[in-house]
Amino acid sequence: MSEVKLSAETRTEFGKGAARRVRRASKVPAVLYGHGTEPLHLTLPGHELLLALRTPNVLISLDIDGKTNELAIPKAVQRDPLKGFLEHVDLLLVKRGEKVNVEIPVHTEGELAPGGNLLEHVLNALPVEAEATHIPEAVTVSVEGLEAGASIHAKDITLPSGVSLAVEEDAVVLQVLAAQAEEAAEGEGEEGAEEVAEA
């Protein structure tokens with residue numbers, strides 16, 4: 001689990017105009033909350049924050065105004081829908097040793113059984129409970145040789161030590177679909193679209 005240090009400044013100006021000024025200075029408005037404390041409005045360096053957020057559930061060590069140090073994980077990230085730059089970030093205050101609920105990406109490895117079957121990610125991310133300073137970046141699941149109709153449940157996924165599921169054990173995470181059924185469903189959808197167009 002990587003820990004990224006960022007310098008943060010407290011914000012005293014609010015509203016759209018103030019937020020635009022912050023972004024023009026290549027910084028990002030943020031709010032730090034949690035542990036029953038008053039939300040703290042911050043300004044973070046844009047480029048460094050963007051790099052940090054490439055790691056899911058990154059642990060961020062905040063140096064606030066050079067006076068206090070706090071640990072946080074990103075809880076909500078708002079991006080510009082067209083340009084993709086960061087508009088605002090919500091950060092959750094965490095303590096070392098504390099357990100937090102997060103979602104970690106599910107990666108797959110291996111090849112499905114021959115036959116053109118399709119792998120469906122029912123859950124793209126797996127809800128887990130982990131220590132704030134030891135959140136795994138992802139879990140990897142082998143789909144080697146799986147046939148149509150096969151599914152992998154949350155309980156089938158091996159989690160690192162100290163990490164537990166925060167979802168029903170029987171929740172389906174991945175399933176293998178037969179290619180023919182998928183093609184037939186697509187064909188029906190196209191015919192329906194043509195009928196609507198003619199009407």
Side-chain angles (χ1 to χ4, degrees), residues 1-6 8 28-42 44 48-62 64 68-79 81 84 86-110 112 117-177:
M1 164 103 218
S2 55
E3 185 175 318
V4 177
K5 289 181 166 49
L6 292 180
V28 179
V31 176
L32 176 67
Y33 63 92
H35 290 286
T37 58
E38 284 290 313
L40 187 60
H41 296 268
L42 302 170
L44 300 173
E48 289 90 331
L49 179 61
L50 191 63
L51 293 177
L53 292 176
R54 286 185 178 167
T55 303
N57 301 311
V58 63
L59 186 67
I60 299 173
S61 173
L62 295 169
I64 303 171
T68 55
N69 281 299
E70 299 286 5
L71 287 177
I73 56 173
K75 215 54 188 159
V77 179
Q78 293 173 16
R79 294 177 186 271
L86 295 172
E87 290 193 326
H88 188 273
V89 177
D90 284 352
L91 300 169
L92 180 65
L93 191 61
V94 295
K95 304 284 184 203
R96 290 189 192 280
E98 174 191 7
K99 294 263 188 178
V100 292
N101 283 351
V102 293
E103 292 189 346
I104 55 174
V106 177
H107 297 163
T108 58
E109 63 181 10
L112 296 177
N117 296 323
L118 300 168
L119 182 66
E120 181 188 9
H121 285 255
V122 180
L123 292 178
N124 282 323
L126 187 66
V128 297
E129 184 182 65
E131 191 183 317
T133 53
H134 292 90
I135 299 171
E137 288 186 19
V139 287
T140 301
V141 181
S142 173
V143 295
E144 187 65 44
L146 291 184
E147 310 225 351
S151 56
I152 293 177
H153 298 87
K155 65 183 176 191
D156 302 326
I157 296 175
T158 305
L159 296 172
S161 173
V163 179
S164 58
L165 289 173
V167 66
E168 291 292 322
E169 286 190 351
D170 290 330
V172 175
V173 180
L174 301 163
Q175 64 185 10
V176 183
L177 306 174

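These numbers come from a predicted model, not from an experiment. The residues of the chain are indexed from 1 along the displayed sequence.
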**Report entry** Residue pair Val94 / Glu131, side-chain heavy-atom distance below 4.5 Å
**Finding:** no

Query raised in the report: Tell me, do Glu147 and Val176 make a side-chain contact under 4.5 Å, heavy atoms counted?
Result: no

Heavy-atom closest pair, residues [X] and [Y]:
| X | Y | answer |
| --- | --- | --- |
| Gly34 | Leu93 | O-CD2, 3.9 Å |
| Ala52 | Val4 | CB-CG1, 3.9 Å |
| Asp90 | His88 | OD1-CE1, 3.0 Å |
| Pro39 | Val31 | CB-CG1, 3.8 Å |
| Ala8 | Leu62 | CB-CD2, 4.3 Å |
| Ala130 | Val163 | CB-CG2, 4.0 Å |

Which atom pairs, one a donor and one an acceptor, fall under 3.5 Å between side chains of residues 96-107 and the rest of the protein, sequence neighbours left out?
unit_1 : atom_1 : unit_2 : atom_2 : d
Arg96  : NH2    : Glu3   : OE1    : 3.4
Arg96  : NH2    : Glu3   : OE2    : 3.4
Glu98  : OE1    : His35  : NE2    : 3.1
Glu98  : OE1    : Lys95  : N      : 2.7
Lys99  : NZ     : Gly162 : O      : 3.0

Gap between atom [atom2] of [Y] and atom [atom1] of [X] - 0.5 Å precision:
| X | Y | atom1 | atom2 | value |
| --- | --- | --- | --- | --- |
| Ile60 | Leu92 | CD1 | CG | 11.0 Å |
| Ser142 | Ile152 | OG | CD1 | 7.0 Å |
| Glu129 | Ile135 | CD | CD1 | 11.0 Å |

Requested in this report: Walk me through it: do Leu165 and Leu126 pass the test side chain to side chain contact (heavy atoms under 4.5 Å, CB included)?
Outcome: CA-CA 8 Å; Leu165 289 173; Leu126 187 66; 3.9 Å; yes

Report summary line: Those residues at least two apart in sequence (or on a different chain) that pass side chain to side chain donor-acceptor pair (under 3.5 Å) with Glu144 are none

Report task. Any chance you could lay out the side chain to side chain contact (heavy atoms under 4.5 Å, CB included) test for Leu146 and Asn117, step after step, and finish with the verdict? Result -> CA-CA 9 Å; Leu146 291 184; Asn117 296 323; over 6 Å; no

Report task. Take Val173 and Val122 through the side chain to side chain contact (heavy atoms under 4.5 Å, CB included) test and state the conclusion after the steps. Result -> CA-CA 5 Å; Val173 180; Val122 180; 6.0 Å; no

Query - Positive for side chain to side chain contact (heavy atoms under 4.5 Å, CB included) with Leu91, one of Leu40, Val77, Leu32, Ile73 - result: Leu32

Query raised in the report: Stepwise, does the side chain to side chain contact (heavy atoms under 4.5 Å, CB included) test hold for His121 with Thr108?
Result: CA-CA 10 Å; His121 285 255; Thr108 58; 3.9 Å; yes

Query - side chain to side chain donor-acceptor pair (under 3.5 Å) pairs, two or more places apart, involving residues 165-174 - result: Lys155-Asp170

